[in-house]
Colleague: 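First, the structure itself, so that you have it in front of you.
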There are 2 protein chains.
Amino acid sequence: MSENKTTLTDAVHDLLKKAIIEQALKPGMRLPEDTVGEQFGVSRTIVRHAFVRLEHEGLIATRRNRGAFVAEPTRDEAQNVFEVRRCLESDVIRLLCKRMPESGYDRLESHVRHEQAVRGKDGPVAIRLAGEFHILLAELTGNPVLARYVAEVVLRCSLILSLYARSHSSDCAVDEHSQIIEAIRSGDAAAAIAIMEHHLGAVADRAALVNPQDSIQSILSHYGKELAP
Amino acid sequence: MSENKTTLTDAVHDLLKKAIIEQALKPGMRLPEDTVGEQFGVSRTIVRHAFVRLEHEGLIATRRNRGAFVAEPTRDEAQNVFEVRRCLESDVIRLLCKRMPESGYDRLESHVRHEQAVRGKDGPVAIRLAGEFHILLAELTGNPVLARYVAEVVLRCSLILSLYARSHSSDCAVDEHSQIIEAIRSGDAAAAIAIMEHHLGAVADRAALVNPQDSIQSILSHYGKELAP
DNA sequence: GGCAAGCAAATTGTATCCGATTGACGGATG
DNA sequence: CATCCGTCAATCGGATACAATTTGCTTGCC
């Protein structure tokens, strides 16, 4: 934590984000400002700034005078996030079918090859790459605003899957990524969107099916709110 | 500024947001933390927290050790925001055609009547209501995540129009709002989207046509970035 | 044995303070 | 006369200090 050309807040923000999406920090886990601060060797001020951003991104939730917690979306919230993701990624496809940049296909195929290289490994790298494919698609539209929103929902989806899905390993079938590329190349927006919907639908459905028997305290915490107003 | 049940940061955030979209704070205007803080009677800490959120929402831009400025989007950025807005609002229409809630039409028509009541007045109220129609549409989807994104881009569009458009008075033709409601009621998603696209397209085009001869320093400030890395 | 009230500890909300970086002004110099 | 460099004021990034609120535990009472 010695020298950064970027601001400390950014660094802490990125680190926490990474920790959350890699499931190092599990949903519902408490994040006291002091603890985080002294862990990274920074003051509470910095941590607090990072928390503001993370809360805005939906990755943590803060309650007045009670502290910050890693977000623990309900099924409803999760469905909402997935719905927005489907909408946004459909829009991305539509735009790409109209104006895919020259180097676009090369970059996409290169990324898919990268994904295939780590296929089967059930680690943080695979999780990250799977998400980054979708973020790369959004970036290729040339619209940074759209790309930021896509990146945000993709991240939240990672968090959601870590709550409700059993394993990350097959979140994004690499084959389907290739299919999406081909569909876009053919210029058939409807077909490409159909594949993407199927691709994302499968992920969302899988999340909805799993009963989170391994996180009893998570379930109870939701019911508990009723008794303690 | 005496008693708030919500946190001070929220209050400052809301106030600044309101000031920006009502053009009280004009794009490019400087926002020193001290000034804002003592103006609202709070410390710089609070202001900085509010700034973090505002920057995330694209309403202000901060430069290291130089302070915060009301966002001054370039034409490219503005086009990107409008594009995302078109995408998101089309998605909203699609969803509403499938599942408009019972009270939805009542609330929409009530809002339109409210808009007609202030028709012709070129004040902050008209600006706010015009945007809130679109935000209300998004909220009726029942998806808060989508609603938040729509609210964000609508706000940014307000800011953009205050930069590039001559007048806010005719941003949202109230008649077109009624047409949109009717199109959704008929269940014809394609038609409704077409109207919405036209509605938003007109606004965007108007913004693109106006040459901002009245803000030379704004133009130069953009070119100036090239010389001063 | 259970419940309510009250006290102590922990944690957040806010303010103030110090150091660092930036931009500007002004004088020295080729 | 233009350019360069040093000093200075302004402002932000970050740390620390204090106040307010919540929480959990203890204690006493029913």
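Numbers restart at 1 for each chain; the letters A, B, ... are given by sequence-line order, proteins then strands.
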Colleague: Starting at atom CZ of Phe40(B), determine the distance to atom P of dT14(C), rounded to an integer number of angstrom.
Modeller: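 Distance, rounded to whole Å: 15 Å.
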Colleague: Do the side-chain N or O atoms of Thr7(A) get closer than 4.0 angstrom to the phosphate oxygens (OP1, OP2) of dG14(D)?
Modeller: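 Answer yes for this pair, as a side-chain N or O of Thr7(A) is under 4.0 Å from OP1 or OP2.
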Colleague: Atom CZ of Arg63(B) to atom C1' of dG13(D): distance rounded to whole Å?
Modeller: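 After rounding, the gap between these two atoms is 17 Å.
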Colleague: So, does Ser43(B) get its side chain near the phosphate of dC17(C), meaning an N or O under 4.0 Å from OP1 or OP2?
Modeller: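 False: Ser43(B) side-chain N/O out of range (4.0 Å or more) of dC17(C) OP1/OP2.
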Colleague: Given dG13(C), dG14(D), dA15(C), identify the nucleotide with an atom nearest to the side chain of Val42(B).
Modeller: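 Minimum distance to the Val42(B) side chain belongs to dA15(C).
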Colleague: Can you tell me if the side-chain N/O atoms of Thr45(A) get under 4.0 Å from OP1 or OP2 in dG13(D)?
Modeller: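 No, outside the criterion.
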Colleague: Taking NE2 from His49(A) and P from dG13(C), how many angstroms apart are they, rounded to a whole number?
Modeller: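 It is 12 Å, rounded to the nearest whole Å.
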Colleague: Does Arg44(A) contact dG13(C) through a side-chain donor or acceptor facing the base, at a distance under 3.5 Å?
Modeller: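 Per atom types, the contact qualifies.
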Colleague: Can you tell me how far P of dG14(D) sits from CZ of Phe51(A), to the nearest Å?
Modeller: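 After rounding, the gap between these two atoms is 16 Å.
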Colleague: In whole angstrom, give the distance that lies between atom CG of Leu8(B) and atom P of dG13(C).
Modeller: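 Rounded to the whole Å, the gap is 11 Å.
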Colleague: Let me know, please, whether Ile46(A) or Gly67(B) comes out on the 5' side of the other along DNA chain D by nearest nucleotide.
Modeller: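 Its nearest nucleotide lies further toward 5', so the answer is Gly67(B).
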Colleague: In terms of the nearest nucleotide of DNA chain C, which residue is placed more toward the 5' end: Glu33(A) or Asn65(B)?
Modeller: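 The residue closer to the strand's 5' end, by nearest nucleotide, is Glu33(A).
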Colleague: Are His134(B) and His199(B) close enough that their ring centers fall under 6.0 Å?
Modeller: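 When the ring centroids of His134(B) and His199(B) are compared, they turn out to be within the sub-6.0 Å range.
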Colleague: Take atom CZ of Arg66(A) and atom P of dG24(D), then tell me their distance rounded to the nearest Å.
Modeller: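 Rounded to the whole Å, the gap is 8 Å.
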Colleague: Select one nucleotide: of dT12(C), dT11(D), dA15(C), the one nearest the side-chain heavy atoms of Arg30(B).
Modeller: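 Closest nucleotide among those given: dT11(D).
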Colleague: Tell me which nucleotide among dC12(D), dT16(C), dG14(D) gets nearest to the side chain of Asp34(B).
Modeller: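 Nucleotide nearest to Asp34(B)'s side chain: dC12(D).
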Colleague: Is the shortest side-chain N to carboxylate O distance from Glu22(A) to Lys18(A) below 4.0 Å?
Modeller: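 Judged by the 4.0 Å cut-off on N to carboxylate O distance, Glu22(A) and Lys18(A) do not form a salt bridge.
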Colleague: So what does Thr62(A) hit on the nucleic acid, given a heavy-atom distance under 4.0 Å: a base, only sugar-phosphate, or nothing?
Modeller: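 Answer is nothing: Thr62(A) stays at 4.0 Å or more from every strand.
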Colleague: Checking side chain to side chain contact (heavy atoms under 4.5 Å, CB included) for the pair Ile180(A)/Leu108(A): CA distance, chi angles, key distance, verdict?
Modeller: CA-CA 10 Å; Ile180(A) 290 169; Leu108(A) 286 170; over 6 Å; no
Colleague: Using a distance-only criterion (donor-acceptor N/O pair, under 3.5 Å, no hydrogens), is the base of dG14(D) paired with the side chain of Arg48(B)?
Modeller: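 Answer yes: a donor N or O sits under 3.5 Å from an acceptor.
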Colleague: Aromatic ring centroids of His49(B) and His13(B) under 6.0 Å?
Modeller: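 No, they do not, as the ring centres are separated by 6.0 Å or more.
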Colleague: For atom CD of Glu109(A), is the number of surrounding heavy atoms from other residues, nucleotides or ligands below 6.0 Å larger than 12?
Modeller: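 Count over threshold, so yes.
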